[in-house]
Amino acid sequence: LSIGSNQGKIVFDMDRVTALSCNEKVGEKVVLKGWVERVRTHGKISFFDLRDRSSVIQIAAFDDLAAKVATLSIQDVVEVVGEVKSRGEKYENPDLATGKVEVKLEKLEVINKASEMPFDMGGKELNLELPTLLDFRTLTLRHQSVRPIFKIQKDIVEGFRKAAEELECTEVFTPTISYSSTEGGAEVFPIDYYGHRAFLIQSPQLYKQMMVPTFERVYLMSHAYRAEPSVTTRHLSEATQMDCELGFMDFEGLLDALEHVGAKTVMYAADKNPEILKQFGVESPKIPKKIPRLTMREVQEIISKEFGRDVSREPDLGPEDEKDICAWALKNHGSDFVTVTHYPTKKRAFYSEPDPESPEYSLSYDLLFRGIEILSGSKRIDDYEKLVEVIKERNMNPSDFEMYLQAFKFGMPPHGGFSFGLERITMKMLELGNVRQASLFPRDMERIDQRFSKKEEK
Ligand code: AMO
């Protein structure tokens with residue numbers, strides 16, 4: 001391929017080098033471009049940290065140039081010309097990927113000036129309350145304590161994609177505007193679609209099932225919208241789901257598949273980012289060869305016995321139960337994962353297949369990770385008549401599911417699947433306190449980018 005004036009060489013800015021590449025350029029004159037992260041002035045000597053897409057590097061300035069550096073503001077966009085120098089052992093910074101070198105400034109140009117920061121952006125940590133962290137999102141996303149969250153998130157996606165490809169799934173791209181609600185219930189955003197009623201999807205569920213007769217095995221990444229009626233640390237109104245749907249699978253096969261994809265996804269991201277785990281003070285996930293698998297009722301028995309809370313008659317697991325059973329799995333099985341199966345049929349979405357041996361429980365499962373559900377799924381009802389029946393039983397109208405039901409009318413194999421919540425995995429991977437920290441621009445009932453003002457709410 002030879003596109004553009006560089007004849008296909010992947011260098012779009014011939015003169016410029018990246019911060020990280022300076023490790024190999026001691027003694028060379030370089031041009032760097034980026035953002036000012038931190039400025040330190042000591043009279044005739046000034047230093048600043050320059051950040052670009054690769055890393056951060058220290059720029060050292062003397063005399064007149066030191067005075068010019070002293071006038072820089074944090075987040076100014078600058079161009080630097082200088083010579084790469086070895087720092088010498090005494091001045092090395094082991095915390096920095098470029099810590100053995102620095103650039104001796106020869107020329108400094110401010111490309112675009114930044115306004116004064118509303119808070120201190122120069123420190124290692126950003127000590128801000130969550131609302132402020134989100135109010136100034138375009139600023140805080142640049143900070144060294146926030147940026148890595150989204151680096152590891154990108155690797156979680158990469159790991160998921162690799163694992164799904166190993167299962168011979170084909171990636172598909174499905175719509176987020178739907179004729180019917182997906183999961184049922186009240187948590188759906190209706191929209192006005194050219195004067196017709198439509199909904200934002202609560203999950204890509206119906207579309208991934210419809211793709212089984214086309215590709216047999218599919219995977220996808222999709223935004224999903226839930227009109228969550230309350231503010232919690234684990235719910236977003238717009239979340240990212242990573243889904244698989246697999247044809248000709250039995251229940252055991254589905255459990256094997258979800259555990260394989262789950263383990264591969266988190267381990268891939270952890271193995272690729274040991275320095276980020278270290279920065280956040282967390283360990284790599286512990287995933288044994290045999291992940292503990294329990295039915296929901298078994299979980300309740302363990303909780304009643306080991307934690308002294310009688311939850312045996314509860315219809316579902318609550319957040320406290322998820323925490324407790326994960327603590328139990330870590331202690332007894334050295335596992336950060338627990339697979340829980342057989343949730344009550346009534347508690348699951350209409351498409352979940354009841355267990356033929358005891359139909360009040362479904363062939364469903366959740367995967368818990370470090371105290372929270374990160375995945376959910378089930379074997380599906382694949383019989384057309386049965387599906388129409390359950391839709392009616394749940395007071396929904398089969399005519400709202402016309403396209404979906406069409407797929408079942410014309411040859412649907414036994415199948416099932418699962419869905420991971422990307423932000424939830426990211427949150428637990430780095431042990432963040434709130435799922436909003438794992439979303440670039442989180443939506444909840446109190447904000448879309450900006451907080452809804454009190455006046456607007458009235
Ligand atoms: P479920 O509703 O459990 O299942 O969603 C799947 C996974 O997506 C994540 N998730 C969320 N994350 C943040 N905020 C939310 N509001 C939110 N809702 C869900 C969770 C959850 O485990 N169609 C089924 C999946 C299937 O059967 O294949 C479904 O959507 O990590």
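As the structure lists them, so they are numbered: ligands from 1, and atoms in each ligand from 1. Scope of the values below: all heavy atoms of this structure, side chains included, with no hydrogens, waters or symmetry mates.
Taking the six-membered ring for Trp and the full ring otherwise, F401 and F408 have centroids separated by 6.0 Å or more.
Side-chain contact, E183 with Y351: a donor N or O sits under 3.5 Å from an acceptor N or O.
Interatomic distance, E238 CD to D444 CG, rounded to the nearest 0.5 Å: 11.5 Å. E171 contributes atom CD, which lies 10.5 Å from atom SG of C244 (distance to the nearest 0.5 angstrom).
Listed by chain and number, E183, S203, Q205, K208, R226, E228, R234, H235, L236, A239, Q241, Y351, E373, I374, L375, S376, G377, R380, G417, F418, S419, G421, R424 each place a non-hydrogen atom less than 4.0 angstrom from ligand 1.
Listed by first and then second residue, the salt bridge (Lys or Arg N to Asp or Glu O under 4.0 Å) pairs that reach into residues 111-121 are D76-K113, sequence neighbours excluded.
The backbone N or O of I302 lies less than 3.5 Å from no partner atom in the side chain of D324, so there is not a single donor-acceptor pair.
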